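Just so we're clear, the structure is a prediction, and the values are computed from it rather than from any experiment. Each chain gets a letter, A, B and so on, in the order its sequence line appears, and its residues count up from 1.
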Number of protein chains: 2
Amino acid sequence: MLQNPENCAVVRTVGYIGGKWKPIILVRLLNGEKVRFGKLTVQMPDISRKILSQQLKELEEDGLIIRHSYMEKPPRVEYELSELGKTLIPVLKAMYDWGNQIAAPEHKGTWDPIVR
Amino acid sequence: MLQNPENCAVVRTVGYIGGKWKPIILVRLLNGEKVRFGKLTVQMPDISRKILSQQLKELEEDGLIIRHSYMEKPPRVEYELSELGKTLIPVLKAMYDWGNQIAAPEHKGTWDPIVR
DNA sequence: AATAATGGTAACCTATTGGTAACTAACACA
DNA sequence: TGTGTTAGTTACCAATAGGTTACCATTATT
């Protein structure tokens with residue numbers, strides 16, 4: 001997903017967190033907790049498991065999140081922000097604040113909604 | 001381009017500035033000046049004129065930029081941030097700063113580069 | 001008469017993204 | 001024995017995003 005790593009800062013940022021789902025996934029991890037795959041599918045019912053798993057893999061490859069896989073049956077996998085991922089908090093916070101600003105008050109969100 | 005206007009602030013923000021080119025276009029307008037279509041094509045040689053024109057139209061429809069068309073021959077068209085667009089400055093600045101942070105020092109950008 | 005300049009648009013094509021349904025392994029429980 | 005659970009993957013297809021090339025109108029310049 002990373003493209004054109006040189007030249008322009010915004011191009012770089014878009015390379016990491018561009019796309020429809022990545023910022024939304026990252027916001028689910030903002031509070032620092034580890035979150036299970038299944039919980040993410042519940043919080044984001046409009047993203048298919050295939051795409052979610054794909055996006056999580058890219059985020060992990062780019063070093064923004066860490067995947068913890070416990071060798072249990074049935075399996076348990078948890079995701080959390082990496083240290084690099086935590087440096088994105090100001091970006092995600094700015095996006096979150098802007099989206100709230102422009103919303104009608106009754107639509108203003110919380111940090112833990114079901115995302116549609 | 002606007003999708004799911006309710007429920008989640010980040011989903012809303014991505015609806016406005018998601019996509020490969022929109023944040024990059026908006027950064028070209030950050031300084032408040034009116035910029036001609038042709039200058040944008042020079043600053044962003046990797047975006048085709050068709051896509052640039054398409055994205056500018058969407059940004060205008062979403063109220064983030066203003067299109068000034070002067071009835072001259074050959075034509076002159078200028079774009080600038082709207083008041084709503086200016087409220088995005090913290091978001092764009094955060095994206096720009098993050099992209100610079102993670103770059104090797106020799107790749108750190110200026111506010112007026114050719115974007116690749 | 002031809003060429004350049006501007007800000008596009010139309011037709012067409014490719015690439016990426018997204019969606020659905022079925023399948024897996026290994027264990028727990030009824 | 002059969003069902004449920006988890007975190008996926010695979011195969012297949014549809015939709016969307018992005019890209020390429022050619023073309024337009026109008027005027028000035030060569």
Query raised in the report: Relative to the ring of B:Phe37, is the ring of B:Tyr79 parallel (under 30°), tilted (30 to 60°) or perpendicular (over 60°)?
Result: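 Aromatic pair B:Tyr79/B:Phe37 classed tilted.
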
Is the phosphate of [N] approached by [X] (side-chain N or O, under 4.0 Å from OP1 or OP2)?
X       : N      : value
B:Lys20 : D:dG19 : yes
A:Ser69 : D:dA7  : no
A:Trp21 : C:dG18 : yes
A:Tyr79 : D:dA7  : no
A:Gln55 : C:dG18 : yes
B:Arg49 : D:dG18 : no
A:Arg36 : D:dT5  : no
B:Lys73 : C:dG7  : no
B:Lys50 : C:dA11 : no

**Report entry** Sugar-phosphate only, base, or nothing, as touched by B:Ser48 at under 4.0 Å among non-hydrogen atoms
**Finding:**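 B:Ser48: base contact, heavy atoms under 4.0 Å.
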
Query raised in the report: Which nucleotide sits closest to the side chain of A:Val77: C:dG7, C:dG8, D:dG8?
Result: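 Output: D:dG8.
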
Length of the [atom1]-[atom2] vector between [X] and [N], whole Å:
X       : N      : atom1 : atom2 : answer
B:Phe37 : C:dA5  : CZ    : P     : 16 Å
A:Glu58 : C:dT17 : CD    : C1'   : 10 Å
A:Ile47 : C:dT17 : CD1   : C1'   : 11 Å
B:Glu72 : C:dT6  : CD    : C1'   : 10 Å
B:Gln54 : D:dT20 : CD    : C1'   : 14 Å
B:Leu56 : D:dG18 : CG    : P     : 13 Å
A:Leu52 : C:dT20 : CG    : P     : 14 Å
B:Met44 : C:dG7  : CE    : P     : 13 Å

Report task. Would you mind telling me which residue lines up with the more 5' stretch of DNA chain D, B:Ile51 or A:Arg76, judged by nearest nucleotide? Result ->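 Going by which nucleotide is closer to the 5' end, it is A:Arg76.
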
**Report entry** Closest non-hydrogen atom pair between B:Lys34 and B:Tyr70, with its separation
**Finding:**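 The pair with the smallest heavy-atom distance is CD-OH, 3.9 Å.
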
Requested in this report: Considering non-hydrogen atoms only, spot the tightest contact between A:Ala9 and B:Tyr96 and give its length.
Outcome: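 What the structure gives for the nearest pair is CB-O, 3.2 Å.
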
Query raised in the report: Under 4.0 Å between a Lys/Arg side-chain N and an Asp/Glu carboxylate O for A:Lys57 and A:Glu60?
Result: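 Looking at A:Glu60 together with A:Lys57, the answer is no, because their closest N to O distance does not fall below 4.0 Å.
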
Report task. Indicate yes or no: does A:Arg67 engage A:Glu80 in a salt bridge with an N to O separation below 4.0 Å. Result ->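 Judged by the 4.0 Å cut-off on N to carboxylate O distance, A:Arg67 and A:Glu80 do not form a salt bridge.
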
